[in-house]
Amino acid sequence: QQQVKQSPQSLIVQKGGISIINCAYENTAFDYFPWYQQFPGKGPALLIAIRPDVSEKKEGRFTISFNKSAKQFSLHIMDSQPGDSATYFCAASISGTYKYIFGTGTRLKVLA
Amino acid sequence: SQTIHQWPATLVQPVGSPLSLECTVEGTSNPNLYWYRQAAGRGLQLLFYSVGIGQISSEVPQNLSASRPQDRQFILSSKKLLLSDSGFYLCAWSRTLSTDTQYFGPGTRLTVL
């Protein structure tokens with residue numbers, strides 16, 4: 001019940017295309033859902049985050065879509081660029097528990 | 001602005017040797033601090049977290065330990081390294097009284113031979 005399942009494991013997208021990464025969870029107590037971007041040899045950097053009270057959040061080319069009833073959330077990268085090539089992690093947490101549950105990551109490659 | 005530092009950046013150690021990795025945060029007071037391990041091609045595993053000086057919570061039983069001797073300093077240690085301790089170690093912080101956004105450091109690549 002504490003797992004966050006992330007898919008796909010890897011993704012190849014053409015430049016200018018849309019990258020979509022999905023995550024699913026079981027624990028309805030989760031109330032914070034961040035996405036992190038990690039380049040090789042670097043620490044993860046917060047990309048965008050959402051709470052269950054909204055269904056969508058957009059920051060530039062990055063959008064989180066949240067489906068509370070389905071217990072799923074996804075990251076959409078519009079107009080994907082080669083510089084977006086990285087590993088993306090979703091996570092879920094319960095406020096006050098000091099603990100993130102991370103997905104297993106998606107390695108994105110955007111072809112020039 | 002807040003900055004998080006980790007050192008060393010890379011480390012190669014023989015099996016059975018001790019370990020000490022250091023993490024410091026600048027620009028904030030009383031942060032929550034975290035140690036994660038990331039195995040090659042895997043997700044992030046929370047090892048320890050701390051909500052204050054001397055307060056350490058362990059998430060996974062192992063031969064690693066953590067200490068917080070100062071407010072913004074977090075140390076990961078081992079008395080005797082195992083081959084399975086190899087990985088990418090990440091320190092992170094979040095604001096006091098908040099468990100939401102965690103900010104990660106640059107990481108330490110540890111190879112145990």
Side-chain angles (χ1 to χ4, degrees), chain A residues 2-11 21-25 27 29-54 57 59 64 75 86-109, chain B residues 2-11 21 23 25 30-52 55-60 66 68 74 87-111:
Chain A
Q2 284 289 86
Q3 284 187 325
V4 175
K5 296 182 179 179
Q6 184 172 347
S7 62
Q9 187 175 9
S10 61
L11 181 62
I21 304 171
N22 302 297
C23 286
Y25 63 97
N27 190 344
F30 287 139
D31 59 1
Y32 183 69
F33 302 89
W35 283 90
Y36 283 82
Q37 179 189 55
Q38 184 179 28
F39 293 104
K42 306 295 184 183
L46 179 68
L47 197 58
I48 187 172
I50 198 169
R51 293 190 180 279
D53 54 344
V54 297
K57 183 175 182 180
E59 291 185 4
I64 298 179
L75 175 70
T87 299
Y88 293 81
F89 291 95
C90 64
S93 73
I94 303 171
S95 294
T97 61
Y98 304 100
K99 189 172 180 179
Y100 277 7
I101 306 298
F102 279 92
T104 50
T106 296
R107 184 173 292 184
L108 171 67
K109 184 176 179 62
Chain B
Q2 299 81 20
T3 309
I4 180 168
H5 302 279
Q6 285 186 245
W7 63 88
T10 60
L11 189 60
L21 303 181
C23 170
V25 180
N30 197 26
N32 302 320
L33 295 171
Y34 310 82
W35 277 113
Y36 287 87
R37 177 169 57 203
Q38 185 176 30
R42 303 282 297 277
L44 289 85
Q45 179 187 37
L46 179 64
L47 302 175
F48 302 94
Y49 68 88
S50 170
V51 300
Q55 301 179 62
I56 308 295
S57 296
S58 174
E59 287 292 309
V60 181
R68 186 170 177 174
F74 205 22
F88 193 47
Y89 287 83
L90 290 156
C91 181
W93 73 275
S94 64
R95 299 188 191 283
T96 184
L97 300 180
S98 170
T99 56
D100 292 343
T101 304
Q102 294 185 18
Y103 302 94
F104 286 83
T108 294
R109 173 75 60 191
L110 172 66
T111 303

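Applying the side chain to side chain donor-acceptor pair (under 3.5 Å) rule to B:Thr108 yields no partners; only residues at least two apart in sequence or on another chain are considered.
Using a 4.5 Å cut-off between heavy atoms, B:Leu90 contacts chain A through its side chain alone, with no backbone atom that close. Of the two parts of A:Pro44, the backbone and the side chain both hold a non-hydrogen atom closer than 4.5 Å to a non-hydrogen atom of chain B.
Two rings, from B:Tyr34 and A:Tyr100, have their centers 6.0 Å or more apart.
Atom CG of residue B:Leu44 and atom OG1 of residue A:Thr104 lie 11.0 Å apart, to the nearest 0.5 angstrom.
Inter-residue side-chain proximity for B:Thr101 and A:Tyr32 is flagged as met; some heavy-atom pair is nearer than 4.5 Å. Using a 4.5 Å heavy-atom cutoff, the side chains of B:Gln38 and A:Phe102 are not in contact.
Heavy-atom neighbours of chain B within the stretch residues 35-43 of chain A, taken at a separation under 4.5 angstrom, comprise A:Tyr36, A:Gln38, A:Gly41, A:Lys42, A:Gly43.
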